[in-house]
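Below is one structure, written out as structure tokens; the observations come after it.
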2 protein chains.
Amino acid sequence: MGNLPQYKQVYEELRRQIAAGLFAAGDLLPSEHELCAQYSVARPTVRKALDQLVSDGFIQKQQGKGSIVKGAPKGIGILSLTGTTSALSSPNLSTHIILRPELRSWTEAFSFPVEPQEQRAGCIYFERLRLLDDEPVFFDLTMLPNSGLPRFEEYDLENRSLFDTLRTRYQIVVTGGTQQLFAIRADKRLQEYLKVRAGHPILQLNRKIETNRPGFHIYSQVFCATQGYGLIGTF
Amino acid sequence: MGNLPQYKQVYEELRRQIAAGLFAAGDLLPSEHELCAQYSVARPTVRKALDQLVSDGFIQKQQGKGSIVKGAPKGIGILSLTGTTSALSSPNLSTHIILRPELRSWTEAFSFPVEPQEQRAGCIYFERLRLLDDEPVFFDLTMLPNSGLPRFEEYDLENRSLFDTLRTRYQIVVTGGTQQLFAIRADKRLQEYLKVRAGHPILQLNRKIETNRPGFHIYSQVFCATQGYGLIGTF
DNA sequence: CCTCATTTGTACGTATGTATC
DNA sequence: TGATACATACGTACAAATGAG
């Protein structure tokens, strides 16, 4: 049932090793031939896993040389898609739940229309504030269809990335998406949460994220005060 | 010499057809089996081309059903990587060259350090202003290493996407990158180019883009006034 | 400069599983 | 239920780039 395909097992294992820092940036992964032996799979299987790591930004490949480790994605990875792990695995970054996941009805999500089956399923909605060194950096609102996510509330959104939870618990992975970016002035609510003065420039990000599960989208809206550091992402 | 691998030929042809609107959004591409027959290639070759189209956001795949065309990426595709074509193929979007490509020396690019071989090669630098319906929407600065780009100045940056030119003329494709986003207040120069009042919130984007050519990066800085429309991208 | 082993890139064929309609 | 379509997986072969000698 919940068995992962072999290429995903290899992917998850290598990804874990890289994220855990077992390879320094610039190191070479074992060659494809060696990986085949280690995991007892054929080369196309290993290559598929490596392709994933490339598109996730964990490695680069170079013909005749090998697979070069780029290291765990750095920064506040809100813009990186599958690499958002780093956002919450960073030791000095914490998450404060402003509004715990609750069930709502919905017809639209941050200006994106929701699809009929999503509307029927209802909406899981929650709000979080992310802090870096106890300073608020961004405030985000998330909407998910309430379908096929048993025991979702049990999973610890304070300490785990949403995308990690969806990927490892429910086999839901991001396949693409659409985003809108705005620079706006802080309103009252943002002034309070992000601790900025009135009219301070704020980055706003609306995203509709597609997944491998047909008709299942993640909708999110993020506000970020970028004074000082900027919002970093790999892609 | 300049022969493309078969999977890239299939990719380019299908991409061209989708971008040209030969398929409506929601249409199915021919099945993998049919594509094999059409292009006289094996199924793994077709699948590799389709994988590319998926990761570029042109199609979605669904097991048992087929490859669903999502249509040409819409909006100002500054954030989409390989799909930036749309930005300049849009009929009402035009490009004004503020500063024609010129050769410079460089040691850093928008806060990103440049690598030694790039520094030795020198820097191609240019500035462009993009207009939508004759209204300025964003202002961008680009830096490229001056190596392996014969006759670069001849190619028409006013009417073609930079990424398209690099991909089709020089076989340089984007493999990933890092970006920093900021919300800032407009300074004097931005007030002039983007026609906004002093202190208006502006979106700033610094990017270091990696390519399949080792040691060749594209550095760009983009400023955008997002009042009204927002900056849209697919990923 | 050339040779050679290593490593990744491209391509084909085949087989089987699983989702969709 | 069956036909179709995509997903996964293995094996093979050769090409092209890299780096060591």
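Only a predicted model underlies this, so the values are computations on that prediction, with no experimental measurement involved. Lettering follows sequence order; numbering is per chain, from 1.
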Discussion item. Run B/Glu127 and B/Tyr125 through side-chain hydrogen bond (donor to acceptor under 3.5 Å, both in side chains) and show every step you take.
Written reply: CA-CA 7 Å; B/Glu127 298 179 358; B/Tyr125 178 84; 2.5 Å; yes
Worksheet, complete the sentence: In short, the helix from C/dC2-D/dG21 to C/dC21-D/dG2 is bent end to end, axes from five pairs each side, to 10°, by 20°
Item to complete: Assess B/Arg130 against B/Phe138: is NZ or CZ under 6.0 Å from the centre of the six-membered ring, and within 45 degrees of the ring's axis?
Response: no
Worksheet item: Salt-bridged, B/Glu154 to B/Arg169, with N to O below 4.0 Å?
Response: no
Fill in: Electrostatic pair A/Lys61-A/Glu32, nearest N-O below 4.0 angstrom
yes
Worksheet item: Is the side chain of B/Glu12 donor-acceptor paired with the backbone N or O of B/Gln9 at a distance under 3.5 Å, no angle test?
Response: no
Response to the item:
Contacted region of DNA chain C by chain A, from 5' end to 3' end of the hits, cut-off under 4.0 Å to heavy atoms, spans C/dT7 to C/dT10
Interface polar pairs with nucleotides 6-9 of chain D, N/O, under 3.5 angstrom:
| unit_1 | atom_1 | unit_2 | atom_2 | d |
| --- | --- | --- | --- | --- |
| D/dC6 | OP2 | B/Glu32 | N | 2.8 |
| D/dA7 | OP2 | B/Arg47 | NH1 | 2.8 |
| D/dA7 | OP2 | B/Arg47 | NH2 | 3.3 |
| D/dA7 | OP2 | B/Lys61 | NZ | 3.0 |
| D/dA7 | O4' | B/Gln63 | NE2 | 3.4 |
| D/dA7 | N7 | B/Arg43 | NH2 | 2.9 |
| D/dA7 | N6 | B/Arg43 | NH1 | 3.4 |
| D/dT8 | OP1 | A/Tyr7 | OH | 3.0 |
| D/dT8 | OP2 | A/Tyr7 | OH | 3.3 |
| D/dT8 | OP2 | A/Lys48 | NZ | 3.2 |
| D/dA9 | OP1 | A/Gln6 | N | 2.5 |
| D/dA9 | OP2 | A/Gln6 | N | 3.4 |
| D/dA9 | OP2 | A/Tyr7 | N | 3.3 |
| D/dA9 | O3' | A/Gln6 | NE2 | 3.1 |

Fill in: side-chain contact (heavy atoms from CB on, under 4.5 Å) partner of A/Leu14, chosen from A/Leu50, A/Val69, A/Leu22
A/Leu50
Worksheet entry | Atom-pair distance (CG on B/Leu35; P on D/dA5), nearest Å | 11 Å
Fill in: Side-chain ion pair, A/Arg120 and A/Glu115, N-O less than 4.0 Å
no
Fill in: Residues B/Lys70, A/Glu210: salt bridge by 4.0 Å N-O rule
yes
Worksheet item: When you measure from the centre of the six-membered ring of B/Tyr7, is the NZ or CZ of B/Lys48 under 6.0 Å away and within 45° of the axis?
Response: yes
Worksheet item: Counting distance only, does the side-chain N/O of A/Glu118 pair as donor-acceptor with the main-chain N or O of A/His217 below 3.5 Å?
Response: yes
